[in-house]
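First comes the structure, then the notes that go with it.
Along the sequence shown, residues are numbered consecutively beginning with 1. Here the structure is a predicted model, which means the values were calculated and not measured.
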Amino acid sequence: MTATGLGSSLAYLLSSAERSVNRGLAAALAGEDVTVEQWRILRALADGRGHSMGELAAAVLMPHPTLTKAVDRLIERALVYRGPSAGDRRKVAVFVAGRGADLLARVDGAVAEHHRLIADALGHDRMERLMSDLESLVAELDR
């Protein structure tokens with residue numbers, strides 16, 4: 001089947017797939033009043049090391065101003081906090097707070113279920129292949 005119009009654009013198809021996946025993920029997270037973007041921030045901080053805003057922006061694919069607003073909202077909810085960077089105490093890093101770690105633990109099941117539903121719809125092998133192919137595409141384009 002050969003697509004025409006927007007359906008023939010890789011960029012459009014990737015954006016459409018992202019919107020569909022994120023719509024389901026947003027529904028899975030709604031019970032804890034956390035957005036997909038906030039979940040990505042918390043997930044990136046879950047390693048406990050603390051990250052600069054620059055590192056965090058790159059990791060969660062958000063522009064700095066949008067990230068700053070999202071982090072400020074998470075701070076207001078006591079889910080994350082700013083503190084001195086372990087590598088350079090003069091620099092500020094963002095860390096996940098205990099409440100943020102607890103929230104992640106509560107939503108992990110819903111996120112895993114969302115992932116499982118996609119894998120069931122697509123087929124587990126196809127999903128693994130798709131994820132691998134997308135990782136390769138990103139690596140190639142970012143070289």
Side-chain angles (χ1 to χ4, degrees), residues 3 5-143:
L6 284 174
S8 66
S9 165
L10 176 62
Y12 173 79
L13 292 172
L14 289 171
S15 293
S16 182
E18 178 197 20
R19 288 184 71 169
S20 295
V21 169
N22 281 340
R23 190 173 27 250
L25 184 55
L29 296 169
E32 288 290 340
D33 192 30
V34 64
T35 66
V36 172
E37 292 79 13
Q38 291 169 335
W39 171 78
R40 287 194 324 233
I41 293 166
L42 291 168
R43 178 55 50 215
L45 295 173
D47 62 12
R49 295 187 322 220
H51 296 276
S52 72
M53 290 295 280
E55 292 169 342
L56 198 51
V60 300
L61 310 173
M62 292 174 74
H64 284 269
T66 305
L67 175 64
T68 298
K69 290 176 189 171
V71 167
D72 288 345
R73 282 190 213 94
L74 292 171
I75 289 172
E76 289 170 9
R77 293 179 60 191
L79 299 173
V80 304
Y81 63 94
R82 289 185 180 98
S85 172
D88 184 344
R89 311 252 335 136
R90 296 170 297 170
K91 294 184 179 180
V92 174
V94 181
F95 300 85
V96 68
R99 288 180 65 174
D102 292 346
L103 184 143
L104 276 174
R106 287 193 307 272
V107 300
D108 275 348
V111 171
E113 175 64 13
H114 174 254
H115 196 250
R116 187 190 63 74
L117 289 172
I118 295 170
D120 287 349
L122 191 59
H124 294 275
D125 290 342
R126 282 181 63 199
M127 184 162 152
E128 289 298 321
R129 217 170 30 254
L130 174 61
M131 290 177 68
S132 176
D133 288 347
L134 289 172
E135 287 174 352
S136 296
L137 176 62
V138 169
E140 278 297 315
L141 295 176
D142 285 350
R143 284 193 313 154

Query - Approximate separation, where rounding is to 0.5 Å, of L74 CG and W39 CH2 - result: 13.5 Å
Query - Nearest non-hydrogen partners of A78 and R99, listed with the distance - result: O-CB, 3.4 Å
Query - Any side-chain heavy-atom pair of V94 and E55 under 4.5 Å - result: no
Query raised in the report: If every non-hydrogen atom of A28 is compared with every non-hydrogen atom of H114, which pair is closest and at what distance?
Result: CB-CB, 4.4 Å
Query raised in the report: In this structure, are over 12 heavy atoms from other groups packed under 6.0 Å from H115 atom NE2?
Result: no
Report summary line: Here the gap from M62 atom CE to M53 atom CE, rounded to the nearest 0.5 Å, amounts to 8.5 Å
Query raised in the report: Going from CE on M131 to CG on L134, what distance comes out if it is rounded to the nearest 0.5 angstrom?
Result: 8.5 Å
Query raised in the report: Got a second to check how far S15's OG is from E18's CD, nearest 0.5 Å?
Result: 6.5 Å
Requested in this report: Considering non-hydrogen atoms only, spot the tightest contact between A139 and R143 and give its length.
Outcome: O-CG, 3.1 Å
Report summary line: Shortest non-hydrogen pair, L25 vs V111, comes out as CD1-CG2, 3.9 Å
Query raised in the report: Got a second to check how far L122's CG is from E128's CD, nearest 0.5 Å?
Result: 10.5 Å
Query raised in the report: Can you name the nearest heavy-atom pair linking A44 to A59, along with the distance?
Result: CB-CB, 4.4 Å
**Report entry** L103 vs R77 side-chain heavy atoms within contact, under 4.5 Å
**Finding:** yes
Query raised in the report: Counting N and O atoms only, with roles assigned by atom type, does the side chain of H51 sit under 3.5 Å from a partner on the main chain of L56, one being a donor and the other an acceptor?
Result: no
Query raised in the report: Is it true that D133 and R126 have a side-chain N and a carboxylate O under 4.0 angstrom from each other?
Result: no
Query raised in the report: Around R49, counting heavy atoms of other residues, nucleotides and ligands shown, do more than 12 lie under 6.0 Å from its CZ?
Result: no
Query raised in the report: Do you know which two heavy atoms are closest between G100 and L42, and how far apart they sit?
Result: CA-CD2, 4.2 Å
Query raised in the report: Does S132 offer a backbone N or O that forms a donor-acceptor pair with the side chain of S136 under 3.5 Å?
Result: yes
Query - Salt-bridge criterion met for D120 and R116 (N-O under 4.0 Å) - result: yes
Report task. Give the C-alpha distance, both sets of side-chain angles, the deciding distance and a yes or no for side-chain contact (heavy atoms from CB on, under 4.5 Å) between T35 and L29. Result -> CA-CA 7 Å; T35 66; L29 296 169; over 6 Å; no
**Report entry** Spacing of CG belonging to L45 relative to CG belonging to L104, to within rounding of 0.5 Å
**Finding:** 9.0 Å
Report task. Report yes if some heavy atom in the side chain of R82 is under 4.5 Å from a heavy atom in the side chain of D72; otherwise report no. Result -> yes
